[in-house]
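Chain naming here is simple, since letters A, B, ... match the order of the sequence lines and numbering starts at 1 in each.
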Amino acid sequence: MQNKVECLLCPHHCKLAPGQRGECRVRTNVDGKLFSLVYGTPCSVHVDPIEKKPFFHILPASTAFSLATAGCNLHCRYCQNWQISQTAPEDAQHISLQPQDVVRQAQSHGCRSIAYTYSEPIVFYEYTYDTCVIAKKNDILNVLVTGGYIEQKPLIELCEVADAIKVDFKGITDEFYQKMCGAHLQPVLDAIKTIKKQEVWLELCNLIVPTWNDSDKDLLNLIRWIKNNVGVDTPLHFSRFWPMYQLNDLPPTPLETLNRAWDMAKAEGLHYVYIGNVPGHKGNNTYCPHDGKPLIIRQGYEVLENHINNGQCEYCKTPIPGIWS
Amino acid sequence: MSKNDRLFIAILLLSLIMVGMIMTDNINYANTTAASTVNPQGPSAARQEILNLKLPLHEALYWKNTRE
Amino acid sequence: MKFRLYLILILSWCLIFMGGLFINRTTLENPRAFTGNGYGGPIQMHMAMSDTGTITFVDVKQHHETSSYISHLEAFLKQFSGRPTQNPLILGKDIDAISGATITSKAITDAVRQKRDSIMKIKNPQQTASFQLSRIIIPLFLTLTAIAAFALRHNPLRWAVLLGGMVYFGIIHHSMLSILQITQAGLGFSPGFTENTFWWMLLGISFLSALFIGRIYCGYLCPFAAIQEILFFLKIRRSTTAPVITPAIDQQSRIIKYILLFLIMGLALLFNSSAAGNIEPFITLFSGHGSKLAWVFLALMLSLAVFSFRFWCQYLCPVGALTGLASIFSLYKIKPNSACTACGTCTKVCPTQAITPDAEHIPQIDTAECIACAKCLRACPAHALHIQGPGHVQK
């Protein structure tokens, strides 16, 4: 009879014998107790424009104090951050930054938010949560960028201290999630709905991978699910795949595919559809759903113009959802 | 005490002061010794501290014991 | 210095030497952590690796090498980044050493290669350190010659050994007896015999000979001592090494080296690091590495050596203090026999003022201060001084 533990943080429900680590590589059983190996030890710390996350409806042109530890509970074959996500903490260079120091650093850099991003905040849950609590006390927003592969209970508790969550809505079929990420679709769908229900600001991002999830059918199903489950006011970002990690023989996503996706989403009635980082594309900007006027004009991560006043369209006073101040 | 005595003691004191300074330097240095860590994402704005060679254990939330 | 005082010092030192241990339960061994055997002590390192066995980087977390190495260390460690498993990682082959720090560089390279291989479970036929017989034979040869020179009171032979030791230990191998070895041993560190033969040979020779016949290492084998003596005798020829300071002050000042010894030991245990002991000027001189302050101190010691015979040795050297304490128990000591006329010649002639006449003007040799140079043995007009074992009866 062994001293095993079952981790209940994410749907993997890893059952660990003493000394074993979970799928995420950062949680381990020591003598019958589960420990996190990355509390307070981020391997990436950076000050980024919040548009980079991408969050387009939160404090435009502000900076986010961004951090991540090693590890991730998904193993997406295209991962852009695989050097830290698909690695154990002992194989990543990390620094010591306790939660209170994270907040202090964020303040000293004039960041209005702290972003838990790059790898996967779910796997450094305790660190994320404790830092969020302190940040909240200091009027700093907590924004998370996550794959959404988390159990309901920890998610609901996290929603109490998080201000905004961007979920990587990677695909709309379970087959995609299994083949591409080593996980399942349903928990992600549940997570997205829960975030909305908990009234945490939600933005979604879909990385379009040629031949994997770029068919009209898949895109339409994804868009429709969003419309039906979290509403047309939920921002949807389409992002471009670059050959990376284990998918090096696919081409980058063609611009026409991105355009097609954008057109489809607008046609289905989604109000805020974005394609970041394609110069000159309408997808860079935020438009008023009522009168169609461009409200925020962006170039890359830079905000050129902002016509949102008091959370409303400057011209027709339609309220625009988001956290504007 | 002759003149030479005074000179001798002065030199000894000087040596001891230097030894003390070297020792202090070495100890300070040893307490902060490490190679610098490089942020894989690029130059970091955060203050960088060096971790020791152990992995910190922090009690996790959301788990239970199982018997198998 | 009196015998009882020495005894107290020895016992206190032994107590300090037994250090403490801490067990910290809130951490886990880092599977990528490993240790190499540096010049000054263990080098604690950390290696990160990709899944395919390519080294991402190597970090040094703690070391006891001279602090002036650090700027070179970063560039040296960068060599390991990106190395795939096929690279042999051998110093001199695909890894370049830090100039003037071969021992450190080799220690790190060997440790990195062994760790890499053990992580990848590769059987590597390359042997890390080959057994070098010369590193046993030559030191032993020098030591035996030294003892012979002492017993035969042969000054030219003594100089031959001094110069030989300076060249062999100092110039060629940058390896001499250092207080760092003592602190390391106290902190529980000792390198493998094959990897660092000198570490063992130097400790063994110096302490065994001290327990046998006195401070042979100090008097014959220490490279820094050789340099100091050369400096002293290159100056204007003079007839005596007697100091021009009041004998009482001179004698009392000798306790400073014992204080330094205890201070270094205590600090080493307090900070769990040999760093406090890194004060020896000969390391700066023979390795060529040192902070600005260390070089200034070296210059001071060398200048003083011109005017004051072995200034460092007599008043400051912690190693000399320790070997001195060990020599209290030496089997063979210099003692006067019944032929002694109490003329006081030996007292005047001793270069380290180790001889004091007692109440009856019979010379008492302080073995802790004696460096076994045999000058007194040669100078005694009555041939009354001899190296005597325990069986001999005084007077």
*Rounded to the nearest 0.5 Å, what separation is found between the CD1 atom of C/Ile249 and the CG atom of B/Asp5?*
3.5 Å
*Roughly how far, to the nearest 0.5 Å, is the CG atom of B/Leu14 from the CG atom of C/Leu300?*
5.5 Å
*asked:* Can you confirm whether C/Leu260 sits close enough to B/Met23 that some side-chain heavy atom of one is under 4.5 Å from a side-chain heavy atom of the other?
replied: yes
*Aromatic ring proximity B/Phe8/C/Phe307, centre distance under 6.0 Å*: no
*Hey, what do you get for CD1 (B/Ile11) to OG (C/Ser308), rounding to the nearest 0.5 Å?*
8.0 Å
*Using non-hydrogen atoms only, which part of B/Leu16 is less than 4.5 Å away from chain C: side chain, backbone, both, or neither?*
side chain
*Might you confirm whether atom CE of B/Met18 has over 12 heavy atoms from other residues, nucleotides or ligands at distances under 6.0 Å?*
yes
*Checking C/Leu293 against chain B: side chain, backbone, both or neither under 4.5 Å from a heavy atom?*
both
*Is chain B contacted by the side chain of C/Phe57, its backbone, both, or neither, given a heavy-atom distance below 4.5 Å?*
neither
*Distance from C/Leu316 atom CG to B/Ser15 atom OG, nearest 0.5 Å?*
5.5 Å
*Can B/Ser2 and C/Ile245 be said to form a side-chain contact (heavy atoms from CB on, under 4.5 Å), step by step?*
CA-CA 7 Å; B/Ser2 72; C/Ile245 47 178; 5.6 Å; no
